[in-house]
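Heads up: the structure comes next, in structure tokens.
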Amino acid sequence: MVAAKMEKSPSDLLTSSGISSVFKSLKLKTKQQEFLIRVTILGLIYVLAFITRLFSVLRYESMIHEFDPYFNYRVTQYLTQKGFYEFWNWFDSESWYPLGRIIGGTLYPGLMVTAAFIFWTLRFIGFAVHIREVCVLLAPFFASNTTLVAYFFGKQLWDSGAGLVAAALIAICPGYISRSVAGSYDNEGVAIFALLLTFYLFVKAVNTGSLAWALASAFGYFYMVSAWGGYVFIINLIPLYVLVLLITGRYSMRLYVAYNCMYILGMLLAMQIRFVGFQHVQSGEHMAAMGVFFLMQVFYFLGWVKYLLNDPKKFHSFLKITVTSAVGLGAIALGVGTASGYISPWTGRFYSLLDPTYAKDNIPIIASVSEHQPTAWSSFMFDFHILLILFPAGLYFCFKRLSDATIFIVMYGLTSMYFAGVMVRLILVATPAVCLISAIAVSATTKNLTQLVRTKSKPAPGGSGKGATSSKSSSKLCLKAVAERVKMSNATNAANAFELIVYHVPLVEGSLDQSPPFQKNVAIALLVGAFYLLSRYAIHCTWVTSEAYSSPSIVLAARGAHGNRVIFDDYREAYFWLRQNTPQDAKVMSWWDYGYQITAMGNRTVIVDNNTWNNTHIATVGRAMSSYEDEAYEIMRSLDVDYVLVVFGGVTGYSSDDINKFLWMVRIGGGVFPVIKEPDYLVNGEYRVDKGAAPKMLNCLMYKLSYYRFGELTTEYGKPPGYDRARGVEIGNKDIKLEHLEEAFTTSNWIVRIYKVKPPNNRW
Amino acid sequence: MAALILSFLVFSISLLVKTSLSSPSDLQILHAERQLQKFVECVLMGSIILQQVENIGDTPTSEVLLAFPPAQFDHLALVKAAVTVGKKRKKSYVPLEVNPSEQPEAPNGTKFYAISLLNPLAKGESTTLEILYILSHSLEPFPVEISQSESQFVYYHDSAVVLSPYHIKQQATLFKTPSNKVESFTQVEPTYLNGAELKYGPYEDHRPYSYYPIIIHFENNHPFAVVEELEREIEVSHWGSVQVTEHYKLAHAGAKHKGVFSRVEYQSRPGASGVSSFKHLLAMLPPRVHSVYYRDDIGNISSSHLRTSSKKSELLIEPRYPLFGGWKASFLIGYGVPLQDFLFESAVGERYLNFSFGCPIADTVVDKLTVKVVLPEGSKDPSVKVAFAVEQSLEKKYSYLDVIGRTVVVLEKKNVVPDHNIPFQVHYKFNQIFMLAEPLMLVSAFFLFFITFVAYLHIDLSLRK
């Protein structure tokens, strides 16, 4: 220390200059600055994606909000308590009584294993968190991770600017938020991350031809397969993409390496998931990938032969023979496989994607789910907002700069948009593509505009030749940008667009040949416009998240007479009652929507649940609900039912109750048991519950259980007793007598009603 | 339960010379007066006044025995005794020590409590004792099952006379039922029923261990809220707060609900339907309580109200559904209180936590209470001071960022009534330095994280050059 001081003290001058140099070196270089800004923005986006999904937790509580995720939660609890092997071999006797369900073999374990892994890690490093917290916050966490993937994907497709914009767009896009708010502990939460990761890694592998990236994408695919049934989209899109590249003559060694490695390894890995098993080689939905795989080999082989022969004529004849025989072989193999039953045909779900009307006619159980309905235009606008307009613009940019990567994103965008149109829930799959493509549009436009603004300011005083050319090119860009603006504004604000065209276009035109004084202003105005649009997008997204996607379906909230919030916590009231006050082995019959919740929250055995794997069993329940009481009693006796649970909204005006779902029960029941006929429940094709209702309707089990003693209750001032607020009518059968069932519990707002099935009468 | 306590008291009226030399009959009691009434919902409180407990033996005695039938003895939650000093207006009570006592030759398995007198009674001397005891679970619902519209009736079993190892010259028992509806009662002449008051006696000259079983059958619509299990976890953090978490297993221990539960009737005729059921409970929490929560296994229970004032906090909790006979509900209440209100430093440099022992919910019995005091990581030599007998043990708990685990003092007690709601103390030694351990761990973890980043950015790991 002293020596150092001694050395320093004589050379004071030197030291001071040294300090200043240190300061200089501390000052960041432009590149470093840019890096710092990028990392900061990404960090902020990461945080934003997480916190914007917390509305429901802050407003309500840290809990699982939806119907289906309760199963995932229950399974995760089992996994963390009993360990992986127990979980993998779990036979659950609490659902699908008396059949039971092999949980390990009938689910995608990715979500649960991820949650359990995070839970164990946190525990290991000393954070005593509860598994519930992990489950609740898993979806936001993975949404944050998705923004990172989106950034790298965008960078791969276009540039890092597009990547940043893509990350920002996807962080708050309602289409994605709808499935990834805190408390929605569903497969999609991690699956979108896995989907995008797989695509990104595959595109990276195609771009670099690196085996390592291809391997990584195979693992990404494996994770996706383990997490969600939507992996079928990947295994069909990637072959389609490869096919398109082959057709457009973009076949390369990089593609060969990437696809083969990804397909073979991905397939082998995917087979480790028991639920998927041998589907990759046995199911019709996966055959496209295999076909393309063989096609790749033929292609490669042909290329090799062509190289060896070095004679176009010979090669041509060889080509004919090979192609014919290869196609023939493939067709025969497929035909034999299908005919012999080795290759299973396409499933109903797959069909209903290709033909939106298929489910309606053939599989009522799929059609009965609201999220399987075709998408309305309004929900596109709701979920995408300006992205819907930016999407075509982005496609335009992609086509302008066609590369292997942009072809991929274009295909991803177009196919997923089609699927989003077929089914509401598939908007989710389209969201990343839409965000990426829109990000390209936004990034390219604003980049051009800012370049224009900046280059203009420098050469303006000098007026050199260089400045002139740059201004020329930039004005072109500006024109392009104006065109973009016009496109964008068309849908959002017609007046604004008009203004743009009237004022700005002539200015730009004029600026083409003479160095224009307004060009910079135009660019600035356009930038401001873009900023305005994007900020509208942010406001819209936040509003949608807060209003539409953050209210739990398990706790219902309404505004009271004094503007205060009234909470209807009836579901949990009923489930907890079941849990505490019924025998441990009681069997509960309800419509399948509530199955997962009854097992998870009520801890009781159910007849059917949301895993709708056995249509006949569900139809039996549907039949019981739509029969007369004594017939239903026979069915319930045969199923060992102890309690029947129905959901009823007549007192509160809650419209998604069992009476409104009843026609689906009739349809599904009638699909298997022709004794149940839909017209018996309708009057002139009309569904009613009042005096004019069909007699069968007024006396079926569901009607009786829903309205039992409801006729004595006055629900609304000035209305007769027995006035159903959900349907706005006075009920038709007020004198309901139950013979084989008795009311066991009704929640405080009557939303859930539970009946006990009486034991049979003594025979003597 | 109450009946048990009652008879116990009766027994104890007679004075017993503790020394093995003197037999129980060395004491005699001139006048015994017993009174039984409702204490809280399903708990009876009995009091016995023993006037003129006189030593008629030769040796001085310092112990008076209280006898209880074995069934009643198991339900005794608390027995207190006091000696009256002074006369009439200047009368004051001096509490005496009461301990369970074994008497091998007692008939019919009678159980005893021994009251230790302040001064031994010499021959011919007499004293007056007042005894208070609390019986939980001593009311037996009958009929065992009732429907929603019926009232709840209960049986109470006891003896018409005070069970005692001593000779009692004159005695009487007054039984106050909670309502005027007494269905039936055993007659042991003279017996009078006057409204809600049932009087047995006066009886003259009953020999030791006299027992006349009686059954009283009366209406009791008080909800029998019983906490079957309560686990209180009191976590002390020297960073400024004491966090309390209480796990309840609540049950309605009255007549079981039978058949239909009709919401229509429950809503429209609150007076006539489900009269013995209950909807809410009141928990008395310490003042300055913060971050209170009330939830169960499946989430938050939204129906609760907290009223705070500078002296007390009241938490009105409403289980998810009204509790009918036999129905159960489990839930948990958690809250934080400021550290300075409960943690003190003793003269020897030790710290001690001063916290109330019992259940904060008013008017309930706790069948099994476990109090766990989680001391900060690194605290040593815990010792407990409780005013009554409890089972003690030690545990380890690992919470956020714990390395060596926290010491947990576990106290267990059965049959706890509101009278047990008195403070207890846990003394321990703690070095302030340990407070810094966890923040330092976090700081170093972040430091390492940034260092790795800096290192990563400055080291070129690529193989190619």
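A note on names: the letters A, B, ... follow the listed sequences, proteins ahead of strands, and every chain is numbered from 1.
- Residue A:Glu712 touches chain B through its side chain alone, counting heavy-atom pairs closer than 4.5 Å.
- With salt bridges taken as basic N to acidic carboxylate O contacts below 4.0 Å, none links A:Glu730 and A:Lys719.
- Of the listed residues (A:Met63, A:Glu573, A:Glu743), the one with the most heavy-atom contacts under 4.5 Å to chain B is A:Glu743.
- Chain A forms more heavy-atom pairs under 4.5 Å with one residue of B:Ala251, B:Pro319, B:Ser330, B:Pro322 than with any other, namely B:Ser330.
- Comparing A:Thr747, A:Asp570, A:Ile125, A:Val555 by how many heavy-atom pairs each has under 4.5 Å with chain B, the most go to A:Thr747.
- For A:Glu61, the part lying under 4.5 angstrom from a heavy atom of chain B is the side chain only.
- In this structure, B:Asp297 pairs ionically with A:Arg579, as a charged nitrogen and a carboxylate oxygen lie closer than 4.0 Å.
- Under the 4.5 Å side-chain criterion, counting only non-hydrogen atoms from C-beta, B:Gln267 is in contact with A:Leu713.
- Contact check on B:Lys279 versus B:Glu318 returns no salt bridge, with no Lys/Arg side-chain nitrogen under 4.0 Å from an Asp/Glu carboxylate oxygen.
- Comparing B:Val403, B:Asp402, B:Asp296 by heavy-atom pairs within less than 4.5 Å of chain A, the highest count is held by B:Asp296.
- For a residue to count as touching a neighbouring chain, one of its non-hydrogen atoms must lie under 4.5 Å from one of that chain's; by this rule A:Arg123 does not touch chain B.
- Under the 4.0 Å criterion applied to side-chain N and carboxylate O atoms, A:Arg709 and B:Glu265 are assigned as salt-bridge partners.
- Between A:Phe745 and A:Trp577, the angle of the ring planes stays under 30°, which puts this pair in the parallel group of the 30/60° scheme.
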